[in-house]
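Proteins get letters first, then strands, A, B, ... in listed order; numbering begins at 1 in each.
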Amino acid sequence: MFRPFLTTCLAAALALSPALPVLAAPFKLKGEPKVAMVIFGQKNDGGWSQAADEARVKMEAGLGMKIPAVDGVKENATAIRPVVELFIKRGHNIIIGTAFGYSDTFKELSEKYPDVAFFNLSGTTNGPNLESVYGRTYESQYLCGMAAGAASKTGKLGFVAANPFGVVNWTISAYELGARKTNPNATLNVVYTGAWNDPVKERAAAQALAEQGVDVLGQHVDTPATQIIAQERGILGTGHHRDMREFAPKATICSSVWTWDKFFVPEIKKVIAGTWEPAPYGAFITIADGGTDIACCGTAVPKAAAEAIMAERAAIIAGKHVFAGPLEDREGKLRVPAGQTLSDADLWKMDWYVKGVTTQK
Amino acid sequence: MSDFIVNWLANVPAFALPYALAALGLIITEKAGVLSLGAEGFLLVGAMSGIGVLLGIGDHPALALVVAAFSAALLSLVYALLVVTLRVNQVIGGLALVFLAQGMTGVIATRAGWTNRPVDGLQPVPLGGLGEVPVLGPILFQHDILVFAAVPLVALVAHVLGRTMFGLRLRAVGDGPDAADAAGIGVAATRYGAIALGAALVGLAGGYLSVGVAKIWVEGMSGGRGWIAVALVIFARWQPWRALAGALLFGGIEALIPRIAAIGVALPQYLVLMTPYLATLAVMIWICLRHDGTSLEPRALGIAHMREERR
């Protein structure tokens, strides 16, 4: 739908502009800080939008202020503008958007209202008062892959994914790397549904994978259908967006969850203190800074593996990179030389998979 | 390999049934001369109200399906009012209805908190030993009640449309409303009935989608299947049995796609996802090219009837 698209744009921006836009002084907020959120989907959608709304509630507690939100704001200027401008008219000067498709409109609005600070989750545009934010989902999916590998008896893992973009591809490869860490023979079979939000297709994909003897199902799609199938068939699963034990308490052993509040509480405090400088290419945040994290582990994950997962999580927080060299793709081509890590630009345009992954073309 | 084929064939009915029911409903409506582009909307209304019953009233899948059919029929009266009584352009009316249903189901389900809540839904009919028979068991006997009802239902619709007085009148209204009117058949009443009956079947298809297949509701979950049903009717030349065959073809493709991927055959995914739509286009082109005059397309399809109108 939207998230994955930061990909090419960001990569292109990195490649094409050797001269960085010079950001002058930090952004200075005028007047009393008032935060508002504009949410893409319904705030009880069980996934992406609900995660944003839940972060909003935690931010209210963390910042000690009310943060109003409007949900169901579609990705076009005629939907976004009136909502944002009404907030601004009512004195809100920190606006948080939540969609890839808000990128251009937020850019225009940030130029029109230079005294307002803008953030956009999964956006692609940035400026002196606009920062796009995305989490390094490959870190949390790597850890869930470890849980999947440890809990699997057959070593055959399945993954239901939406579309083969960089953001999805990195979760898939990281998942397999994690799985191989706990089960060196683990393989990962991916089915793309071509849609973010089609429970019929997701169910079909999950069922087809289960029929092939897969006993843990990962996912990078928006509905919990994959987890529900896992529970129905008595196998296991790992979730995305939020803790999916809510939908499949028996099956879900690990979920990659958004932790936006962990990022926003200190970031907004910076805005208020007058020390905020938007990252020129957006904030691409790790578990340590509060992009994603894991809800782990279910009882099917052996205790030793759960401890190993937490140790890896600590290592990632301490700076370990999931895609560290030497790393070959499944055709055997060296993608990351020894001693190096995959650059952000290469992550966003990732179109290859590590060994052990099977996908459509 | 044989496992693969058995698994695949066993999954075809669940994917084919929504198409079959929706196409059957559209055939009834269109046989009375009313173009029905609103299928996508009726699917959504059916899907949402079916889940609404399960979450709001309790675990009664049969009731959920009845309510799904009924809600779509109820909404279709708005469409009937527009296109029969007020003679609004049927293309515009149908499209408006789709947008109305998309927005309305989104609002209602969100406010009621029905999004993303799994239900047990419709379960296979227990047939004891029959379901355990190798090969044939899973393919033929591990299905829910609606799958078993599909073939009799198609037979019933084919019979009623083709062999009864009610069907004759309905077809007369669709082929020559002026003549039907002169013969004393109530054109408007027949069209209202055909629209409501057709919408009920499309609503049932939607209810099946959420209650029987996905077992969950998310906004916009019909995912374009209503449009495929519209094409399927043209594909089937307005004949119920052909619509069933077409539905099986589309259901077969839809069940095959993820299975090909799951066994690790690396086909280009966008090409594969395109195949149902490609098949629709191909069949329509084929039908136009072999135009042999035996089309059963209602001659007054899409034309509003006005009594004693000069032409």
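- Side-chain N or O atoms of N189(A) include one that pairs as donor or acceptor with a backbone N or O of A262(B) at under 3.5 Å.
- Within a 6.0 Å sphere centred on NZ of K74(A), other residues, nucleotides and ligands contribute more than 12 heavy atoms.
- Contacts between K43(A) and chain B at a heavy-atom distance below 4.5 Å are absent for every atom of the residue.
- With sequence neighbours left out, the ring-ring contact (aromatic ring centres under 6.0 Å, His included) criterion links F247(A) to no other residue.
- Side-chain contact between V200(A) and M221(B) is present, with heavy atoms from C-beta onward closer than 4.5 Å.
- Contacts of E202(A) with chain B are absent, with no heavy-atom separation under 4.5 Å from either backbone or side chain.
- Interface check for chain B: of the options G213(A), P199(A), G41(A), the most heavy-atom pairs under 4.5 Å are formed by P199(A).
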Take R242(A) and N116(B) through the side-chain contact (heavy atoms from CB on, under 4.5 Å) test and state the conclusion after the steps. CA-CA 12 Å; R242(A) 294 171 61 251; N116(B) 260 337; over 6 Å; no
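- Neither the backbone nor the side chain of A195(A) has a heavy atom closer than 4.5 Å to any heavy atom of chain B.
- Within residues 253-261 of chain B, the residues having any heavy atom under 4.5 Å from a heavy atom of chain A are, by residue number, E254(B), P258(B), R259(B), A261(B).
- With N44(A) contributing its side chain and T110(B) its backbone, the two residues share a donor-acceptor pair below 3.5 Å.
- Within the 4.5 Å cutoff, side-chain heavy atoms of I263(B) are placed close to those of Q212(A).
- Among L271(B), V218(B), L209(B), the residue making the largest number of heavy-atom pairs under 4.5 Å with chain A is V218(B).
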Which donor-acceptor pairs under 3.5 Å do side chains of residues 54-69 of chain B form with protein atoms, sequence neighbours excluded?
none

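- Top candidate by heavy-atom pairs under 4.5 Å with chain B, chosen from K201(A), E246(A), R203(A), is R203(A).
- With a 4.5 angstrom heavy-atom cutoff, T359(A) touches chain B only via backbone atoms.
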Output side-chain donor-acceptor pairs under 3.5 Å for residues 8-17 of chain B, partner residues at least two apart or in another chain, one line each.
from: W8(B); atom 1: NE1; to: G252(B); atom 2: O; distance (Å): 3.0
from: N11(B); atom 1: ND2; to: E211(A); atom 2: OE2; distance (Å): 3.1
from: N11(B); atom 1: ND2; to: N7(B); atom 2: O; distance (Å): 2.8

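- Interface remark: of the candidates V214(A), L209(A), D198(A), D198(A) forms the most heavy-atom pairs closer than 4.5 Å to chain B.
- Interface check for chain B: of the options T358(A), D71(A), I229(A), I228(A), the most heavy-atom pairs under 4.5 Å are formed by I228(A).
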